[in-house]
Amino acid sequence: MVGELDKIFDSFSQKNLFKNKAVLQSQYTPENIPHREKQIEQVATILAPALRGERPSNLFIYGQTGTGKTLSALYVKDEMLKRARRENVPLKIEYINCKYKKVSDTEYRILAEIIKKLGGSVPATGLPTGQVYNKFLELVESEKQLVIIILDEIDQAVNKISDNFLYNLTRLNSELSKSQIGVIGITNDLKFLESLDPRVRSSLSEEEILFPTYNALQLQDILKSRAAESFKENALEDGVISKCAAYAARTHGDARRALALLMVSGDIAERMGCDRVKIEHVDMANEKIDKDKITSFVESAPRQFQLVLLSIIDLIEKGQGNIFTGDIYNIYSDLCLKSKIEVLTQRRVSDIIAEFDMAGVINARVISKGRHGRTREIKLTIPDQEIKKIKSILIETLNI
DNA sequence: AGGTATTCACATGAAACTATTCTCTGAGTTAGG
DNA sequence: TAACTCAGAGAATAGTTTCATGTGAATACCTGT
């Protein structure tokens with residue numbers, strides 16, 4: 001049955017360029033990680049004592065997005081666990097991503113997450129944090145073992161919680177007798193360390209490793225090795241890979257982006273019925289990625305955000321050159337009144353605008369107009385042809 | 001003319017408040033022995 | 001009597017409001033020439 005269906009699907013898309021698309025997705029862990037041998041080696045060296053049952057130094061990894069930090073860390077983690085199992089070393093390494101909301105972005109949730117991974121359980125909420133700490137300690141102490149915790153995107157956790165959490169975590173060892181804890185922090189915020197409390201800094205970053213950005217050539221290598229597995233033979237025209245690499249290198253050498261670019265290019269080529277991926281497909285893919293990011297953000301944004309954005313678009317369409325916070329707020333509050341949605345304070349709207357800026361939907365710059373005060377000057381980053389489409393999405397979802 | 005002081009229109013921060021979500025607890029209820 | 005249900009208590013979060021303070025430069029206001 002399944003085989004028959006497959007045949008149908010196969011004949012449907014004759015121009016199947018992919019061999020295994022998953023290889024290009026970001027969750028995929030490749031066999032070898034090009035141009036990170038040195039970093040991986042360093043990580044391994046630092047963590048190696050764990051295999052002898054000694055507590056390794058706390059480690060701090062930093063580097064821009066898409067430089068292979070997480071990948072390398074996970075790779076070392078897997079290798080070490082394999083080894084530990086073989087040699088019967090009581091070692092646990094747990095990976096926590098502090099960024100994904102709903103999963104863990106507060107002290108409580110992170111702890112709960114760790115506990116869950118260690119095999120315990122706590123209610124998702126409702127317990128005093130101190131009790132969760134105890135539970136965690138109990139769990140670690142329940143047998144003699146070494147626990148290494150990898151905290152990815154650790155900066156997210158800290159600016160949400162305060163660095164007390166890290167301080168506690170690094171100090172826990174003094175309360176443990178049988179077991180020990182090691183912490184690996186990963187961040188892409190290069191200034192993160194400076195902003196930490198000195199006490200935390202010194203204990204957390206006993207060792208530091210910087211993951212440099214990839215240059216275009218290195219990106220090409222990465223793309224080539226993945227393309228070989230993901231695309232069918234001869235599916236890529238010459239120059240496609242270097243074009244992807246070049247685009248990604250322009251945005252601080254982000255490998256993740258390079259891979260996404262390659263994948264979307266392949267999708268586009270496939271859909272257009274081409275039997276090879278051409279260079280122009282990469283250009284289209286590049287635009288599409290930007291566009292999709294904005295569209296999905298806009299679609300999933302809360303109502304109030306959408307209203308604010310709609311106000312901005314209104315102002316743009318009225319042809320005003322410069323748009324300021326005050327103007328937006330006026331239009332916005334009118335809009336709210338008309339559609340009977342409660343009006344938020346200017347303070348809040350100001351924050352919403354700032355968030356749009358962060359998301360890259362708009363480009364806001366704080367300027368001073370002298371006697372006429374200080375405000376944000378706002379430009380939309382959505383290309384003109386897209387504005388209408390976004391506007392209709394907004395109107396539709398807002399149901400105005 | 002050149003120098004200071006004001007002043008605007010918000011930005012930016014911190015604290016406090018609100019609604020909501022989730023668990024746990026224990027009283028009251030039910031069903032079976 | 002054990003199991004079950006369900007309202008209420010407590011804890012925590014997200015999203016906001018309230019209050020407070022900060023700020024860059026165009027303009028108003030001096031000052032001495």
Side-chain angles (χ1 to χ4, degrees), chain A residues 96-116 120-136 138-139 153-166 168-169 189 191 194-197 297-312 315 320-337 339-379 397-398:
Chain A
I96 307 276
N97 191 321
C98 311
K99 189 171 120 192
Y100 292 120
K101 288 193 172 174
K102 307 288 184 225
V103 180
S104 42
D105 66 339
T106 72
E107 188 171 5
Y108 186 97
R109 286 189 191 161
I110 290 173
L111 274 171
E113 185 77 12
I114 299 174
I115 291 174
K116 213 169 79 193
S121 74
V122 277
T125 167
L127 250 61
T129 315
Q131 216 163 313
V132 184
Y133 259 109
N134 291 336
K135 177 111 189 192
F136 172 61
E138 243 172 63
L139 207 61
E153 317 257 355
I154 197 173
D155 48 320
Q156 298 289 324
V158 168
N159 62 40
K160 201 86 196 181
I161 311 168
S162 86
D163 39 19
N164 247 329
F165 169 62
L166 291 179
N168 288 340
L169 207 57
D189 181 356
K191 284 174 295 180
E194 292 166 29
S195 65
L196 275 180
D197 186 306
F297 177 80
V298 168
E299 269 174 341
S300 62
R303 254 202 308 288
Q304 301 286 2
F305 281 60
Q306 294 178 334
L307 274 167
V308 173
L309 188 60
L310 192 56
S311 313
I312 297 174
L315 277 170
Q320 269 186 34
N322 299 327
I323 300 177
F324 306 111
T325 306
D327 305 336
I328 295 176
Y329 187 70
N330 289 336
I331 302 254
Y332 158 80
S333 44
D334 280 359
L335 221 52
C336 283
L337 290 176
S339 48
K340 292 190 188 164
I341 297 175
E342 59 178 328
V343 189
L344 298 183
T345 18
Q346 179 156 309
R347 176 72 187 80
R348 181 59 186 144
V349 172
S350 173
D351 276 350
I352 291 178
I353 292 173
E355 282 183 55
F356 272 131
D357 188 27
M358 294 274 281
V361 179
I362 63 173
N363 213 313
R365 201 161 59 95
V366 181
I367 55 158
S368 174
K369 291 191 290 170
R371 200 79 216 269
H372 305 292
R374 238 160 84 88
T375 183
R376 280 201 181 92
E377 188 185 52
I378 288 148
K379 286 189 192 116
T397 49
L398 282 168

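Within every chain, numbering begins at 1; the chains are lettered A, B, ... in the order of the sequence lines, protein sequences first and strands thereafter.
The interatomic distance linking A:R376 (CZ) with C:dG24 (P) rounds to 14 Å, in whole Å. Spacing between atom CZ of A:F324 and atom P of C:dA26 amounts to 13 Å, rounded to whole angstrom units. In this structure, CD of A:E342 is placed 11 Å from C1' of C:dT17, rounded to the nearest angstrom. Atoms NE2 (A:H372) and C1' (C:dA28) sit 12 Å apart, rounded to a whole Å. Between A:Y332 atom OH and B:dC10 atom P the separation is 16 Å, expressed in whole Å. Protein atom CD of A:E355 is 14 Å distant from nucleotide atom P of B:dA11, rounded to whole Å. Between A:D351 atom CG and B:dC10 atom C1' the separation is 13 Å, expressed in whole Å. Atom CD of A:E377 and atom P of C:dA25 are 13 Å apart (whole Å).
Of the side-chain N and O atoms in A:T325, one or more sit less than 4.0 angstrom from OP1 or OP2 of B:dA11. In this structure, A:S350 reaches the B:dA11 phosphate: one of its side-chain N or O atoms is under 4.0 Å from OP1 or OP2.
Residue contacts shown for A:V343 are limited to sugar-phosphate atoms, with no base heavy atom under 4.0 Å away. Counting any heavy atom pair closer than 4.0 Å across all strands shown, A:L344 reaches sugar-phosphate atoms only and no base atom.
Salt bridge present: A:E355 and A:R348 bring a charged side-chain N and a carboxylate O closer than 4.0 Å.
The side chain to side chain contact (heavy atoms under 4.5 Å, CB included) with A:I353 is formed by just one residue from the set A:I328, A:V361, A:L309, A:I323; it is A:I328. The side chain to side chain contact (heavy atoms under 4.5 Å, CB included) test with A:F324 singles out one residue from A:H372, A:E377, A:R374, and that residue is A:E377. Of the options A:F356, A:Y332, A:F297, a ring pair (Phe, Tyr, Trp, His ring centres under 6.0 Å) to A:F305 is made by A:F356 and by none of the others.
You won't find any donor-acceptor pair under 3.5 Å spanning the side chain of A:R348 and the base of C:dT16, going by distance alone. The base of C:dG24 is not paired with the side chain of A:R371 by any donor and acceptor separated by under 3.5 Å.
To the nearest 0.5 Å, the span separating CG on A:D351 from OG1 on A:T345 amounts to 9.0 Å.
If you check B:dC10, B:dT12, C:dT17 against the side chain of A:V366, the one that comes closest is B:dT12. Taking the side chain of A:R347 as heavy atoms from C-beta on, and the options C:dT17, B:dG13, B:dA11, the nearest nucleotide is B:dG13.
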